[in-house]
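So the structure is just underneath, and the comments pick up after that.
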Amino acid sequence: MTLMKFNIEQYFENLINYNIIFKNRDALNTSYIPDSLPHRDTQIKLLAQIFGVSLKNAQPSNVFIYGKTGTGKTAVVKFVTKKLINKFIDQKIESVPKWIYINCNEVRTSYRILATILNRLEPREKIPPTGFPRDILIEKLYNIMENQIKNSICFIILDEIDCLTDINSKNNILYILSRLNETIPSAKVCIIGISNLLDFKKDLDPRILSSLSEEEIVFPSYNAKEIYDILIERVSVAFIPNIVDDGALKLCSALAAEENGDARRALSILRKAAELVERRNLNKLNVEHIYEAKEILDLDTTVEFLKELPVQQKYILFSIYLNHKYNPDVPITTGLLYNTYCELINKGLGMNVLTPRRVTSLVKDLELAGIIRSDLISKGKPNGRTRYIYFLLSDKQIKKAFEKDPEFEDFLNYIPDTTKNKNYNYRDGMKFQTLI
DNA sequence: GATCCACAGGAAATTAAGGGTC
DNA sequence: GACCCTTAATTTCCTGTGGATC
């Protein structure tokens with residue numbers, strides 16, 4: 001039997017000339033800002049009222065924006081920003097505000113946010129990611145603000161602000177920024193903080209809170225009907241007519257509404273489903289494609305996350321996985337996990353054994369990522385307090401993530417000694433570590 | 001009721017790496 | 001090259017905890 005060879009030239013030719021389902025593929029990207037944002041009129045109006053005073057060269061209030069993932073926070077801020085800049089240009093107002101957008105999930109420390117702001121305002125400075133004393137950077141910021149923002153306004157948007165690692169330190173970026181307007185009366189700075197956590201402000205210093213929370217806007221989650229309306233608009237921009245089945249859109253909306261009313265999730269599922277339709281040379285997107293897209297996305301997201309884990313965390317995950325696989329009747333306690341972890345590290349490619357304290361922290365991180373679950377259990381004097389750890393992934397996900405990883409592929413079918421010898425305890429783990 | 005077990009987990013200290021100034 | 005600074009990862013130290021045992 002001869003296999004048909006893939007003809008790449010023909011494939012690209014078909015893609016261009018025959019299988020056309022998209023009008024504007026970009027409209028399905030989460031970063032796309034549409035001409036209208038359904039069900040966000042209230043928030044748009046509020047933000048326009050706050051930002052709008054800048055057209056009269058007055059200083060807008062600082063704003064804190066709250067809402068779960070995919071509720072349109074960033075999209076609304078960018079939407080209002082875009083319209084405001086256009087208004088400045090239309091009106092030929094000279095002092096167009098400066099806009100600095102920073103995602104704190106990517107730029108996580110106060111020092112680096114300071115460096116990013118300085119580099120945006122004065123690209124010739126080229127502030128490095130480490131090295132400068134913080135007070136020097138603050139002084140540079142004051143100088144630049146004084147010289148550049150004199151007759152204008154600078155909007156600083158800190159998205160995912162809850163990801164800042166040093167939010168509780170004395171000199172964090174929010175404190176520095178909150179003092180800017182007091183220190184330099186000639187500079188007008190407006191800070192917009194965006195957070196996924198509704199209770200984010202409860203741990204903030206009261207001085208920062210009073211300065212930065214002048215206005216607050218809450219973005220509620222979308223329901224299925226609202227997500228459906230958003231999808232309808234995007235579909236009309238993204239696809240040629242009659243490609244997407246209405247039932248598929250309703251299903252996509254319902255699935256996303258179940259997951260915290262996340263419109264971004266709905267768009268991701270729809271985009272993946274459209275890719276399946278395009279690759280198969282079909283001309284109709286139906287409910288089966290939505291189900292299939294969701295399954296692929298769920299698998300892909302987890303597998304990609306597992307591949308990107310730090311090596312030590314992969315060893316811990318494998319220790320949990322192997323205990324779950326070969327000793328399903330025995331609860332995985334912290335002590336047992338630590339024994340298995342030590343064994344795997346010593347079988348591996350020369351990593352250092354971490355301390356139990358550090359392993360505990362990494363286990364907690366895995367739990368926060370939703371890969372495992374754990375319960376705190378107290379079993380009295382002979383066995384003390386420990387955690388029961390539960391593995392939440394499938395064999396399929398582990399295999400897909402690690403079958404091509406040279407450090408871990410041999411562990412996929414490895415049976416640890418700790419699953420054979422059930423007489424273990426935490427202290428055995430310590431002996432294990434020091435004896436080998 | 002006191003003691004003990006096996007940790008949990010907070011806080012501070014340490015270390016290494018990357019980058020700056022003088 | 002010595003010294004200073006920041007970040008991120010990790011270790012060390014310490015106190016706290018629920019429930020079985022004494």
Side-chain angles (χ1 to χ4, degrees), chain A residues 102-119 122-141 143 162-177 202-203 205 308-317 319-320 323 330-342 345 348 350-369 372-390 418 421-434:
Chain A
I102 298 171
N103 189 324
C104 303
N105 198 14
E106 291 158 11
V107 186
R108 286 175 165 247
T109 66
S110 293
Y111 175 96
R112 291 198 173 146
I113 288 179
L114 261 178
T116 306
I117 294 172
L118 284 165
N119 286 333
E122 187 53 88
R124 285 171 298 179
E125 280 277 350
K126 292 199 174 77
I127 305 292
T130 59
F132 275 110
R134 193 184 298 238
D135 54 337
I136 300 287
L137 286 195
I138 295 172
E139 203 178 313
K140 277 176 185 287
L141 181 66
N143 287 337
D162 41 273
C163 293
L164 279 175
T165 55
D166 53 356
I167 199 81
N168 291 319
S169 76
K170 200 178 164 190
N171 281 319
N172 77 65
I173 188 70
L174 295 182
Y175 183 69
I176 296 165
L177 294 178
K202 82 175 194 311
D203 295 326
D205 184 303
E308 297 300 318
L309 282 175
V311 180
Q312 288 283 8
Q313 219 159 358
K314 286 181 183 171
Y315 271 102
I316 293 167
L317 178 67
S319 306
I320 300 168
N323 274 294
V330 176
I332 307 168
T333 60
T334 313
L336 170 61
L337 163 65
Y338 192 72
N339 281 3
T340 311
Y341 160 77
C342 291
I345 285 279
M351 296 291 295
N352 289 328
V353 176
L354 297 178
T355 58
R357 175 71 187 87
R358 182 64 187 143
V359 170
T360 302
S361 290
L362 294 176
V363 167
K364 206 74 193 158
D365 290 347
L366 288 177
E367 186 171 17
L368 282 173
I372 59 163
R373 182 174 69 78
S374 75
D375 291 335
L376 195 57
I377 301 289
S378 200
K379 300 203 292 181
K381 189 172 176 181
N383 297 304
R385 229 156 83 106
T386 187
R387 266 188 192 283
Y388 279 0
I389 299 164
Y390 306 96
T418 47
N421 173 18
K422 295 177 187 177
N423 297 319
Y424 58 84
N425 60 36
Y426 175 75
R427 295 224 167 88
D428 287 342
M430 299 303 286
K431 269 188 249 163
F432 198 91
Q433 178 190 353
T434 49

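Quick note: numbers below take in every heavy atom, side chains included, and nothing from hydrogens, waters or symmetry partners. Chain identifiers are assigned alphabetically (A, B, ...) following the order of the sequence lines, protein sequences preceding nucleic acid strands; residue numbering begins at 1 within each chain.
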So which nucleotide from C:dT7, C:dC22, C:dT12 ends up closest to the side chain of A:Lys381?
C:dC22

Please check the phosphate of B:dG9 (OP1 and OP2 only) for any side-chain N or O of A:Thr360 closer than 4.0 Å.
no

Whole-Å distance, A:Leu164 CG to C:dT6 P, equals 17 Å

Distance in angstrom units between A:Arg108 CZ and C:dA8 C1', rounded
12 Å

Once you apply a heavy-atom cut-off of 4.0 Å, does A:Leu376 come out as touching a base, just sugar-phosphate, or nothing?
sugar-phosphate

In whole Å, what is the span from the CZ atom of A:Phe132 to the C1' atom of C:dC4?
12 Å

Result for 5'-nearest mapping on DNA chain C, choosing between A:Asn383 and A:Pro133, is A:Pro133

What is the distance from CD1 of A:Ile113 to P of C:dT6, rounded to the nearest Å?
16 Å

Here the pair of heavy atoms bringing A:Gln312 nearest to A:Asn352 is NE2-O, 2.8 Å

In whole angstrom, what separates A:Lys379's NZ from B:dC4's C1'?
16 Å

Does C:dA20 have OP1 or OP2 under 4.0 Å away from a side-chain N or O of A:Ser378?
no

How many Å lie between OH on A:Tyr111 and P on C:dT7, as a whole number?
8 Å

Interatomic distance where CG belongs to A:Leu354 and P belongs to B:dT15 [whole Å]
17 Å

Might you work through the side-chain hydrogen bond (donor to acceptor under 3.5 Å, both in side chains) test for A:Thr418 and A:Asn339, ending with a clear yes or no?
CA-CA 7 Å; A:Thr418 47; A:Asn339 281 3; over 6 Å; no

By nearest nucleotide on DNA chain B, pick out whichever of A:Arg385 and A:Pro128 is the more 5' one.
A:Arg385

Which nucleotide wins on minimum distance to the side chain of A:Arg358, given the candidates C:dT12, B:dA8, C:dA9?
C:dA9

Heavy-atom side-chain contact between A:Thr334 and A:Val359 under 4.5 Å:
no

Shortest non-hydrogen pair, A:Leu114 vs A:Arg134, comes out as CD1-CG, 4.3 Å

Does a side-chain N or O from A:Arg112 land closer than 4.0 Å to OP1 or OP2 of C:dA8, or not?
yes

For A:Thr386 and B:dA6, is the shortest distance between a side-chain N/O and OP1 or OP2 below 4.0 Å?
no

Side-chain N or O of A:Arg134 closer than 4.0 Å to phosphate OP1/OP2 of C:dT7
yes

Whole Å only: how far is the NZ atom of A:Lys126 from the P atom of B:dG20?
12 Å

Using a heavy-atom cut-off of 4.0 Å across all strands, would you classify A:Arg387 as base, sugar-phosphate, or nothing?
sugar-phosphate

Which word best sums up how the rings of A:Tyr341 and A:Tyr338 line up, parallel for under 30°, tilted for 30 to 60°, or perpendicular for over 60°?
tilted

Taking only the side-chain heavy atoms of A:Thr130 (C-beta and beyond), determine which of B:dA11, C:dT10, C:dT6 contains the nearest atom.
C:dT6

